[in-house]
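Taking it in order: structure first as structure tokens, then the write-up.
Just so we're on the same page: letters track the sequence lines, and every chain starts at 1.
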Amino acid sequence: MSELPPANSPTTVEDALLDGLTPPQREAVTHVDGPMLVLAGPGSGKTRVITRRVAYLVRGVGIAPWNVLAITFTNKAAGEMRERVSELLSEREARAATIATFHSLCARLLRRYADRLGLPAGYSIYDSSDQQRAMKQALNDLEINPKNFPPNSMLHTISNAKNELVDAEAFAQTAGDFYNRTVAKVYKKYTQILTRNHALDFDDLLLKTVQLLKQHPEVLAELRERYQYVLIDEYQDTNHAQFMLANALASGHQNLCATGDPDQSIYGWRGANIRNILEFEQHYPNAKVVRLEQNYRSTKKILAAADGLIRNNSARKHKQLFTDNDDGDPVQLVTMQDERQEAHWLVERFRDLHVNEKLAWGEMAVFYRMNSLSRVVEDALRDAGMPYQIARGTAFYDRAEIKDAVAYLRVIANPADEVNLLRIINTPTRGIGNQSIKAMQAHSLASNRAVDDIIRDPMSVPGLSNRAQNAVAKFAKMVDEWRTAAGLNEAPDLLLGQQGLSPAASDDEISLRELVERVITESTLEEHYRKDKSDPDQERLANLGELISSAQQFEEDYLNEAAEDGNDAPTLRDKLLALLERISLVSDVDSVDQGEGAVTLMTLHAAKGLEFPIVAMVGVEDGLLPHQRSQNEGEKGEEEERRLCFVGMTRAMRRLYMTSTRYRTIFGQTMPVIPSRFLNELPTDAIEVCDVSEDGDDPFGDDFEPHTSAREQAGEFPPGTRVRHPQFGIGRIITVARSGSHTRARVEFNAAGVKTLILQYARLEKV
DNA sequence: ATTGGAATCGTTTTT
DNA sequence: CGATTCCAAT
């Protein structure tokens with residue numbers, strides 16, 4: 001996979017960039033002006049094509065690198081793309097091009113043009129826990145019972161609306177029934193709270209940027225001029241707001257290159273609209289369409305299995321996938337007794353591959369549908385002494401102690417941020433209880449002053465005890481000192497977000513590391529966790545230490561980058577805002593390191609875009625994959641689950657294991673489970689079925705064959721038949737219904753109640 | 001005001 | 001089952 005061609009063959013720069021490419025890849029790389037859609041099957045060298053194309057635009061065509069904008073899905077993907085482009089060009093040129101995620105690009109644009117939207121440049125980006133707090137506040141203010149209107153589903157509905165660019169006002173106009181009218185009220189309140197707190201949530205980043213471009217044609221013109229060549233990766237996962245953004249940026253020059261694969265669209269639940277990619281040619285009738293169908297990643301068997309699966313989807317553009325790679329081993333479908341045996345079996349399998357086939361730990365990965373499934377696998381790996389890493393980039397920042405420390409930093413950077421202020425005002429406890437907080441909030445409302453303002457003047461708050469007044473005054477003084485140290489106090493005009501006005505760092509300004517350190521000590525967070533007896537290993541303290549070092553690392557990187565860009569004196573405020581933005585926008589995959597020499601564990605969603613020689617998918621069972629909750633959305637939901645399964649399978653290069661169990665314990669409850677219906681859709685000649693569960697009864701049936709005997713099965717158990725089930729005991733068939741290749745029977749058991757079973761798998765006997 | 005224990009709840013995927 | 005919330009005792 002070397003990007004550098006042999007020195008003797010091609011002579012010109014263009015030739016070098018096109019070396020080793022297939023005709024369709026070459027077509028995609030050399031297309032310059034006008035819209036283009038690259039439909040890239042899994043493992044078809046898409047990343048290679050994208051990076052070469054960026055290099056080609058710069059070197060081959062002579063386009064300035066800063067005129068190129070490439071948008072990826074994760075920070076990690078952006079980093080890798082920058083890396084690979086810099087190998088083809090120079091580091092300087094690679095940095096000149098804008099390579100970012102939608103969210104980080106928007107965050108940056110909103111800071112730059114904050115004044116046009118009346119947005120404070122120091123705005124906070126709210127993550128989901130901040131959102132929840134804000135939502136609870138909204139429900140509280142409106143005196144709505146969260147029992148009837150759960151905060152999470154409110155947020156979900158509002159998020160969907162924002163993705164469709166529907167603001168609170170527009171939502172209210174379409175809200176017909178009682179539920180939606182209530183949501184409309186909540187939406188409005190929630191928006192007010194965020195505005196008052198100078199905060200944006202994830203969806204706002206997109207929404208506000210689209211509004212910026214709509215309302216300020218001069219900004220749009222500026223950006224269009226700057227970004228003359230726009231490239232968007234993973235286009236199948238864009239939502240309406242992102243679609244509008246892409247269209248706006250490309251609206252003049254039409255130089256929009258979208259790459260992606262409809263068969264890998266797995267974010268429909270988050271508002272992604274698969275039609276964006278399916279209807280690209282309707283939006284851009286003169287679009288060039290390139291299909292990359294040759295797979296360089298997987299063996300023939302693995303590709304055949306995955307292709308056989310995805311052919312069962314109806315809403316798709318068919319691609320004729322093929323590969324010149326070896327046949328390889330069949331995909332192994334293994335049935336285990338329970339999740340512990342499953343994990344244990346996997347560990348032994350991995351050990352065997354490591355010892356006998358000399359495979360590195362880093363070449364193996366385990367995928368699962370839900371994060372909670374990782375625990376058992378993790379335990380087994382730990383017991384076996386195998387190195388492993390879990391792709392949970394957000395896990396570190398999810399820890400309570402880290403969240404607290406970050407909340408302090410947010411409050412320093414953004415005085416208006418009451419959600420975070422109230423989070424930390426009594427953490428660790430310093431004698432400002434619930435009553436006091438309520439009193440201050442009430443006073444804030446009554447006097448129309450910000451809470452940040454109130455805490456400087458605690459005497460004026462009615463009903464605040466003397467003790468509390470002192471505690472609040474002390475707290476306010478502490479925050480003030482930090483702000484002064486950070487150079488944030490003297491220049492209130494900075495809050496209005498005038499770019500370019502921020503002065504160069506003064507010499508006496510402390511470093512970011514120092515600020516973080518001071519906050520952790522002076523807030524007494526450190527002391528609190530040092531005394532914490534529920535944490536004898538002082539893990540929490542160690543995490544706070546890690547936050548300090550990560551801030552230091554971040555600061556060094558930031559200074560280096562700024563120096564390269566000719567800005568040698570970023571202020572502490574700049575550094576702080578950048579750090580907070582980064583913390584808000586980390587994703588799970590960002591933390592995986594394939595060279596780490598460890599088995600990698602991650603969700604199927606996080607696996608997109610990666611590849612591993614050895615892949616094991618665990619919990620491939622009905623109810624898990626496809627997930628129970630997807631069934632409510634009918635066919636559409638099931639097709640997305642099938643794509644998710646497809647994504648997982650196509651990550652595998654050489655070997656693929658898909659395991660299921662007979663019993664699985666979820667949320668503390670052990671339930672009998674059956675293999676995923678998707679396994680029946682895999683072509684028989686690409687798979688090998690194996691049952692290692694204790695009682696050894698093959699759940700696929702002796703003559704496992706897809707699409708068989710559904711009708712016979714139905715005839716065998718007419719409603720009313722009395723049956724016996726190995727777990728549920730004696731029962732009576734209520735209804736029998738065919739669905740796809742299965743026959744489902746509802747059975748009323750004497751002891752276990754009514755269950756829905758699949759006849760092919762449930763070992764029912766007539767009584 | 002703070003603390004710990006009991007009760008309750010909600011369970012997918014994530015920028 | 002684990003996390004969060006609630007409540008009663010300090």
Taking the six-membered ring for Trp, are F102(A) and F73(A) closer than 6.0 Å centroid to centroid?
no

Rounded to whole Å, how long is the line connecting atom CG of N152(A) with atom P of dT14(B)?
15 Å

When the distance from OH of Y397(A) to C1' of dT15(B) is rounded to whole Å, what number comes out?
16 Å

Hey, is the main chain of A107(A) close enough, under 3.5 Å, to the side chain of Y123(A) for a donor-acceptor pair?
yes

Is the Lys NZ or Arg CZ of K403(A) less than 6.0 Å from the centre of Y397(A)'s six-membered ring, within 45° of the axis?
no

Given protein heavy atoms under 4.0 Å, the one-letter contact record of nucleotides 1-6 of chain B, with B base, S sugar-phosphate only and - none, is simply SSS---

D398(A) CG to dG2(C) P: how many Å, rounded?
17 Å

Regarding N371(A), tell me which of base, sugar-phosphate or nothing describes its non-hydrogen contacts under 4.0 Å with the strands shown.
sugar-phosphate

Test item: side-chain donor near acceptor, T259(A) and D233(A), under 3.5 Å
yes

Got a list of protein N/O to nucleotides 5-10 of chain C N/O distances below 3.5 Å?
| from | atom 1 | to | atom 2 | distance (Å) |
| --- | --- | --- | --- | --- |
| dT5(C) | OP1 | K136(A) | NZ | 2.7 |

Using the P atom as the reference point in each nucleotide, state the distance between dT4(C) and dT13(B) in Å, no decimals.
15 Å

Identify, between P146(A) and T603(A), the residue whose nearest nucleotide on DNA chain B lies closer to the 5' end.
P146(A)

Using the six-membered ring for Trp and the full ring for Phe, Tyr or His, decide whether H627(A) stacks on the six-membered base ring of dT12(B) (centres under 5.5 Å, planes under 30°).
yes

Give me the distance, rounded to whole Å, that separates dC6(C) from dT11(B) when you measure between the P atoms they each carry.
16 Å

Without swapping roles, check the side chain of E342(A) against the backbone of V618(A) for a donor-acceptor pair under 3.5 Å.
no

Mark this stacking check for W269(A) against dT13(B) as yes or no, applying ring centres under 5.5 Å and ring planes under 30°.
yes

Passes side-chain hydrogen bond (donor to acceptor under 3.5 Å, both in side chains), S630(A) versus R642(A)? Steps please.
CA-CA 11 Å; S630(A) 70; R642(A) 191 178 280 108; over 6 Å; no

OP1 or OP2 of dT15(B) sitting under 4.0 Å from any side-chain N/O of N75(A)?
no

For the pair made of NZ in K76(A) and P in dT15(B), what is the distance, rounded to whole Å?
13 Å

L373(A) atom CG is separated from dT13(B) atom P, nearest whole Å, by 9 Å

Please determine whether the number of non-hydrogen atoms from other residues, nucleotides or ligands lying under 6.0 Å from atom CZ of R582(A) exceeds 12.
no

Rounding to a whole Å, what distance do you find between R369(A):CZ and dT13(B):P?
7 Å

Calculate the interatomic distance between Q132(A) atom CD and dT4(C) atom P; express it in whole Å.
9 Å

In terms of the angle between their ring planes, are Y267(A) and W269(A) parallel, tilted or perpendicular, with boundaries placed at 30° and 60°?
tilted

Report the distance from atom CE of M370(A) to atom C1' of dG10(B), rounded to the nearest whole Å.
12 Å

Looking at every strand, decide which applies to F73(A) at a 4.0 Å heavy-atom threshold: base, sugar-phosphate, or nothing.
sugar-phosphate

Check this one for me: any side-chain N or O of S584(A) less than 4.0 Å away from OP1 or OP2 of dT15(B)?
no

Output yes when a side-chain donor or acceptor of N313(A) lies under 3.5 Å from a complementary backbone atom of R316(A), and no otherwise.
no

Value rounded to 0.5 Å, distance of OH in Y113(A) from CG in L119(A):
14.5 Å

